[in-house]
Number of protein chains: 2
Amino acid sequence: MSDLLERLRGRGWRMTAQRRVVAEVLDGEHVHFTADEVLARATARLPEISRATVYNTLGELVSLGEVVEVATDGRAKRYDPNAHHPHHHLVCSHCGAIRDVHPTGDPLAALPTSERFGFTIREAEVTYWGLCPACTGT
Amino acid sequence: MSDLLERLRGRGWRMTAQRRVVAEVLDGEHVHFTADEVLARATARLPEISRATVYNTLGELVSLGEVVEVATDGRAKRYDPNAHHPHHHLVCSHCGAIRDVHPTGDPLAALPTSERFGFTIREAEVTYWGLCPACTGT
DNA sequence: TCCTACGATGGACTCAATCCAAGTCAATAC
DNA sequence: GTATTGACTTGGATTGAGTCCATCGTAGGA
């Protein structure tokens, strides 16, 4: 899965040290970081990188479709590098941890025309809420 | 549907002018206000009400289960007074407008045990994204 | 190697939401 | 009706996430 950089280069994305570091952080681990966590990890590799650059780069990766923005609740947005496999999310209501899940069927099909109110619907997003194994005990 | 105040009183909720006004704002119209919109409408009826009180009251209504907090994307949270009829949401990605919808079937059933990763799942929340009739043209 | 348009910087700013110490008042008891 | 009291309200300060912008730096083409 480590060809994110190749893909970006292939698309004519201007490569800079900062952008490479952000892409590497996202590509490296399959967790869902907040922008601040990305910043922290990027800073570890390239100390002078700025917050604005991290936001710019994340925003660009999102609009390129390489990364998906996940907004759960009022917490900070998280960035999901697993954009090429459609999936949904399972969120721990206690600690905020996120896992990718793949439910069966198509949720779009469950919405009859009479319930669409003239909207042009583009996608359905399913979030499952619960307690992760670590938080179940507490 | 205007018995929200009755229900609250019945539950021993301490009634104050501020709380009544907030409850009335939510009860009156079936749209999904942001906290600021609630504050604006509450202020129109009771000019000296403070922002903190609106947040406190909204938070309390949420934990009483009388109102549902809807967080879509990075925008401000919205408050949905239609808490007694389970439903999902249709959001306009352009203007942020929200409508309640009732898809068929149970999204929880679509998640096989093998995809639950030991989580204790409490609920599934489906958000449909699209453009509302007013924004489709632009 | 040189140019230059695109990208990065960082500090100020916005916006939503929360905190807190002091003041107020609804509901209960008398 | 009055006194009491603990829960509620206030508003200004604060936090946290994210954006803006004028200026500086540099990747990549000529």
Side-chain angles (χ1 to χ4, degrees), chain A residues 5-6 8-25 32-64 66-80 96 98, chain B residues 5-6 8-25 32-43 45-64 66-80 95-96 98:
Chain A
L5 287 174
E6 300 309 312
L8 293 172
R9 232 183 259 277
R11 293 175 121 191
W13 204 53
R14 183 162 170 177
M15 190 57 62
T16 67
Q18 293 82 349
R19 289 172 160 211
R20 188 172 36 71
V21 165
V22 170
E24 280 170 5
V25 166
H32 302 67
F33 291 130
T34 63
D36 258 16
E37 288 164 349
V38 172
L39 173 60
R41 282 167 178 75
T43 301
R45 305 187 193 194
L46 185 66
E48 63 278 8
I49 194 171
S50 90
R51 173 181 309 274
T53 299
V54 169
Y55 276 103
N56 287 342
T57 307
L58 287 173
E60 215 155 330
L61 290 171
V62 168
S63 57
L64 284 170
E66 293 290 347
V67 160
V68 174
E69 209 176 70
V70 188
T72 57
D73 216 18
R75 302 170 195 256
K77 289 179 198 158
R78 288 172 181 271
Y79 293 86
D80 179 353
I98 301 185
Chain B
L5 287 173
E6 300 310 311
L8 292 171
R9 231 183 260 277
R11 295 175 121 190
W13 205 53
R14 181 162 172 180
M15 191 55 64
T16 68
Q18 293 82 349
R19 287 170 162 213
R20 189 172 35 70
V21 165
V22 170
E24 281 170 3
V25 167
H32 302 68
F33 290 131
T34 61
D36 257 16
E37 288 165 348
V38 173
L39 172 60
R41 281 166 178 74
T43 301
R45 305 188 192 195
L46 185 66
E48 62 279 7
I49 194 171
S50 90
R51 172 181 310 277
T53 299
V54 170
Y55 275 103
N56 288 342
T57 307
L58 287 173
E60 216 156 327
L61 289 172
V62 168
S63 58
L64 285 169
E66 293 289 347
V67 160
V68 174
E69 207 175 69
V70 187
T72 58
D73 214 18
R75 303 169 195 257
K77 289 179 197 157
R78 288 169 181 273
Y79 293 86
D80 180 354
C95 70
I98 301 184

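In what follows, every chain begins at residue 1, and chains take the letters A, B, ... in the order their sequences are listed.
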Length of the line joining B:E48:CD and D:dG11:P, which is rounded to integer Å: 8 Å
Nucleotide of D:dT9, D:dG28, C:dA8 approaching A:M15 most closely (side-chain heavy atoms): D:dG28
A:L58 vs A:F33 side-chain heavy atoms within contact, under 4.5 Å: no
From C:dT9, C:dT18, D:dC8, nucleotide with atom closest to B:T16 side chain: D:dC8
B:L58 CG to C:dT18 P, straight-line distance once rounded to whole Å: 10 Å
Atom pair distance, as rounded to whole Å: CZ in A:F33 and C1' in D:dA17: 18 Å
B:R19 side-chain N/O to B:R14 backbone N/O, donor-acceptor pair under 3.5 Å: yes
Check: A:R11 side chain, A:L64 main-chain N or O, donor-acceptor pair, under 3.5 Å: yes
Of the listed nucleotides C:dA17, C:dA8, D:dA17, the one nearest the side chain of A:R19: C:dA8
Presence of B:Q18 side-chain N/O under 4.0 Å of C:dT24 phosphate oxygens OP1/OP2: no
Distance, rounded to the nearest Å, where B:L61 contributes CG and D:dC8 contributes P: 12 Å
Nucleotide C:dC25, atom P - distance to CD1 of B:I49 in whole Å: 14 Å
5' precedence on DNA chain D between A:A52 and B:R51 (nearest-nucleotide basis): B:R51
Ion pair A:R41/A:E37, N-O distance below 4.0 Å: no
Any B:Y55 side-chain N or O less than 4.0 Å from OP1/OP2 of C:dT18: no
Rounded interatomic separation in angstrom, taking CZ from A:R78 and P from D:dA17: 11 Å
Which residue lies more 5' along DNA chain D, comparing B:R14 with B:N56 via nearest heavy atoms: B:R14
Check: A:V21 main-chain N/O paired with A:R45 side-chain donor or acceptor under 3.5 Å: no
Whole-Å distance separating the CZ atom of B:R9 from the P atom of C:dT28: 11 Å
Rounded distance (Å) that lies between atom C1' of D:dT9 and atom CZ of B:R20: 15 Å
Touch class at under 4.0 angstrom, heavy-atom based, for A:T53 against every strand present: base
Minimum-distance nucleotide to B:A76 side chain [options: C:dA17, D:dG18, D:dT9]: C:dA17
Most 5' of A:L46 and B:W13 on DNA chain C, judged by nearest nucleotide: A:L46
